[in-house]
Peer 1: 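Take this structure, written in structure tokens, and hold onto it; I'll ask about it next.
Treat the numbers as computed from the prediction; the structure is a model and nothing was measured. Start at 1 with the first residue, then count along the sequence.
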Amino acid sequence: MANYQVFFPYDTMRLEQKQLMEDIAKSIAEKKTFLAHAPTGLGKTVSSLAPALSYALKEGKKVFFLTPKISQHEIVLETAQLMNKKFNLGIRTIDLVGKKQMCIDPFLSRVGYGFYEACSKKKKDKQCKYYNNTRGFTPKQKAIANRRKADILKKYNCSHDQLKDLCLMKELCPYEITLEMVKKADLIICDYSHLFNEDIREAILAPAGIVLSDCIVIVDEAHNLASRLRDMLSSELDMSVVEKAGKEAKNVGDFDVEFLMTDIGKEIMGLGKKLSLDRGEAVLGFEDIDLFKRVVKGKSEAVSEAALKYMAKTKTEGSFLLHVDEFLTDLSREKENTLHLIERRNGLRVSINPMDASEIAADVFGNAHSAVLMSGTLLPLKMHADILGVDGKKAIMKEYKSPFDPKNRLNIFVNKTTTKYSSRSDEQIEEIADVIEKVISKVPGNTIVFFPSFEMMERISPLLRIKRKVLKQEREMSATERTNLIHNFKLLGSSFGGVLLAVSGGSIAEGIDFPGEHLLCAIIVGIPFAKVSVESEAMIRFFDKKFANGWDYAYNAPAIAKAVQAAGRVIRTETDRGVCVFLDQRFAEERYKKFYPLDFAAKITKEPEKLVEEFFKN
């Protein structure tokens, strides 16, 4: 173990978990960036949090625990509380979510596009009573605000929802209160964007007098980080939005902005000439986008002002002008390696697509005290280090084995079908449906069938003759609809068993647990490769040029990771037993072996139903 005491809040730990925690403790003490492929069951949250907080308390550092979803904050908060309870450490934790999610202003909280601009304008004009009550402007107002918020500023270790309720009672801004609490906090639970978006990071760290070298950064579900960072700086502008924005500017008599919208529309129409009837998207060259930038340069503030006038005049909660303003702001801040596209999707659209996540991530990992990146699907480790720009001298990479008994899981590679585009005959599709039916008939409980796309699901599902209740993931589902779908599916596990048809890489394939009888079998139909597009081809070329490994980094590795992630829904606890059927002969090909965990073993067969039946009989 490292040369400091680690406060582990549980009475026992598994051997592999002990090794993970020791490795993390050592890497933090040595100021390294640690990348860990750590399967389900190792207790990644406590194994990273215990050494990080123990070191931070000793050395006066702060721990930032970053997650891709707000729902994952609760377990981190609970773990810190357990450490406090067992060791009386006095850890001060804050649960930081986005400004919009924390807003309690009845008008602002309902604004869609342009929320941040509208918020800034309202604060600047001293029109937000919640901000005024929290900060104050005159010495007298500040003194009153300090008295008003004194008690709440001590309310560490509560969820963001609890803090919102407390602030609502005193008419204080929850986001501003949380930012004030950062200064004395030991642990900040937040989203990726809070540290990797430069503007947001400065708004959080600078007022508290914190620099990155004071921060120990833990990134959960780190396999998502690169794509999330690229999405964070992606932006798009539809021709229809520009036209509606022009009408809004006319409505408030801002003819300069109205003419600007006309000019932007003409530019987009001009770029649209690069498309043809059979070509729906095209890459914009430097000259194309440079001309567009010159037309809009320095106009963002005027567009924002016109938007706020329109919202005030019409008493509406959103504006197309704000959408345009967001795009112009993103365009002015784009990174060097950015792909610009013109697309036809129910009209013309210009889009900004960052390709190099390291342009965003390297600054954080290069300057933070230390970092831990962990996931159950972080393979190949070197690929993730490369893509995120982790300095080779600072990087430590390690793959851990699953703590679960391998006898409880059966992996099967079926080597007689494929969803490969060139082989998608009607006969092949019928054979896939036949294998799915035979496997399900041998499972004494629930099965999820993961398809590579909704299109493939829609092509195969009508052919399935399954004598069980079948539920289906839809293309567009609200959070409530998805929750109800999962709930209803889990209920089927306590009887004869049901079937859920879903998509690899979708919300059901990641982040949802199906322990025990809730799921006994997962069938992964085909390798979920990304659709071939101008953007995916550009990513392959970019990674080929930078790492001489374009196909693996941009295409093969992400697809296998999605499949493994989906299969991982089956075994979530040490008592679970289940089967994962990989239904595509390509899964067993030698070139994909490097993307599977070291302790991954699979049986290869043309008759998976026999192995499934035998497994559940034993």
Peer 1: Taking CG in D125 as the centre, count heavy atoms belonging to other residues, nucleotides or ligands within less than 6.0 Å. Is the count above 12?
Peer 2: yes
Peer 1: Is it true that K149 and E180 make a salt bridge, defined as a side-chain N closer than 4.0 Å to a carboxylate O?
Peer 2: yes
Peer 1: Looking only at side-chain N and O atoms, does S319 offer a donor or acceptor that is under 3.5 Å from a partner on E248?
Peer 2: yes
Peer 1: Are side-chain heavy atoms of K247 and E243 found at a separation under 4.5 Å?
Peer 2: no
Peer 1: Can D386 and Y553 be counted as having a side-chain donor-acceptor contact under 3.5 angstrom?
Peer 2: yes
Peer 1: So, for L229 and A357, which heavy atoms are closest and what is the spacing to 0.1 Å?
Peer 2: CD1-O, 4.0 Å
Peer 1: List the atom of V242, the atom of M261, and the distance in Å for their closest heavy-atom pair.
Peer 2: CG1-O, 3.2 Å
Peer 1: I would like to know whether K122 and L108 meet side chain to side chain contact (heavy atoms under 4.5 Å, CB included); could you show each step before the answer?
Peer 2: CA-CA 9 Å; K122 198 163 187 176; L108 272 181; 3.8 Å; yes
Peer 1: For N337 and E359, test the side chains for any donor-to-acceptor distance below 3.5 angstrom and give the result as yes or no.
Peer 2: yes
Peer 1: Looking at R135 and E176, is there a salt bridge between them, counting it only when a charged N and a carboxylate O are closer than 4.0 Å?
Peer 2: yes
Peer 1: Going through the checks in order, is the side chain to side chain contact (heavy atoms under 4.5 Å, CB included) test met by D220 and M374?
Peer 2: CA-CA 6 Å; D220 196 16; M374 55 189 188; 3.9 Å; yes
Peer 1: Hydrogens and angles aside, do N353 and S234 bring a side-chain donor and acceptor to less than 3.5 Å of each other?
Peer 2: no
Peer 1: L53 and A80: which non-hydrogen atoms are nearest, and at how many Å?
Peer 2: CD1-CB, 4.5 Å
Peer 1: So, using salt bridge (Lys or Arg N to Asp or Glu O under 4.0 Å) as the criterion, who are the partners of E510 when residues are at least two apart?
Peer 2: none
Peer 1: Would you please name every residue forming a salt bridge (Lys or Arg N to Asp or Glu O under 4.0 Å) with D290, sequence neighbours left out?
Peer 2: R294
Peer 1: Where do V252 and K313 come nearest, in terms of heavy atoms and distance?
Peer 2: CG1-CD, 4.1 Å
Peer 1: Counting only heavy atoms not in E301 (residues, nucleotides, ligands), do more than 12 fall under 6.0 Å from its CD?
Peer 2: no
Peer 1: Going by side chain to side chain contact (heavy atoms under 4.5 Å, CB included), name the residues that satisfy it together with D513, two or more places apart in sequence or in a different chain.
Peer 2: P515, R569, R572
Peer 1: Any ion pair linking K61 and E59 (charged N to carboxylate O, less than 4.0 Å)?
Peer 2: no
Peer 1: What pairs meet the side-chain hydrogen bond (donor to acceptor under 3.5 Å, both in side chains) rule with one or both residues in residues 360-369, with sequence neighbours excluded?
Peer 2: Y55-H369, R201-D363, D363-N367
Peer 1: Scan for ring-ring contact (aromatic ring centres under 6.0 Å, His included) pairs involving residues 64-95, sequence neighbours excluded, and state none if there are none.
Peer 2: F7-F87
Peer 1: If you define the side chain from C-beta out and look only at heavy atoms, does anything of K31 sit under 4.5 Å from K394?
Peer 2: no
Peer 1: Going by heavy atoms in the side chains, are M21 and P51 under 4.5 Å from each other?
Peer 2: yes
Peer 1: Out of the candidates D95, I94, V97, only one should pair with T178 under the side-chain contact (heavy atoms from CB on, under 4.5 Å) rule; please name it.
Peer 2: I94
Peer 1: Between S536 and S533, what is the shortest heavy-atom contact and its length?
Peer 2: OG-N, 2.8 Å
Peer 1: Taking only residues at least two apart or on different chains, which pairs with a member in residues 186-238 satisfy ring-ring contact (aromatic ring centres under 6.0 Å, His included)?
Peer 2: F196-F365
Peer 1: Under 3.5 Å, side chain of D238 to main-chain N/O of S240, donor-acceptor pair present?
Peer 2: no
Peer 1: Does D356 pair with K546 as a salt bridge, N-O distance under 4.0 Å?
Peer 2: yes
Peer 1: Give a yes or no on this: more than 12 heavy atoms of other residues, nucleotides or ligands lie within 6.0 Å of atom NZ of K155.
Peer 2: no
Peer 1: With a 4.0 Å cut-off on N to O distance, would you call E198 and R333 a salt bridge?
Peer 2: no
Peer 1: Can you check salt bridge (charged side-chain N to carboxylate O under 4.0 Å, His left out) on E281 and R344, steps first, answer last?
Peer 2: CA-CA 6 Å; E281 56 180 353; R344 188 190 300 109; over 6 Å; no
Peer 1: Let me see the working for Q473 and S507 under side chain to side chain contact (heavy atoms under 4.5 Å, CB included), right down to the final yes or no.
Peer 2: CA-CA 10 Å; Q473 179 184 3; S507 56; 4.0 Å; yes
Peer 1: Between K62 and D214, does any side-chain N to carboxylate O distance fall below 4.0 Å?
Peer 2: no
Peer 1: So, R228 and D191, do they make that salt bridge, N to O below 4.0 Å?
Peer 2: yes
Peer 1: Is any side-chain N of the basic residue among E334 and K293 closer than 4.0 Å to the acidic one's carboxylate O?
Peer 2: yes
Peer 1: Regarding S159 and E74, do their side chains bring together a donor and an acceptor under 3.5 Å, going by distance alone?
Peer 2: no
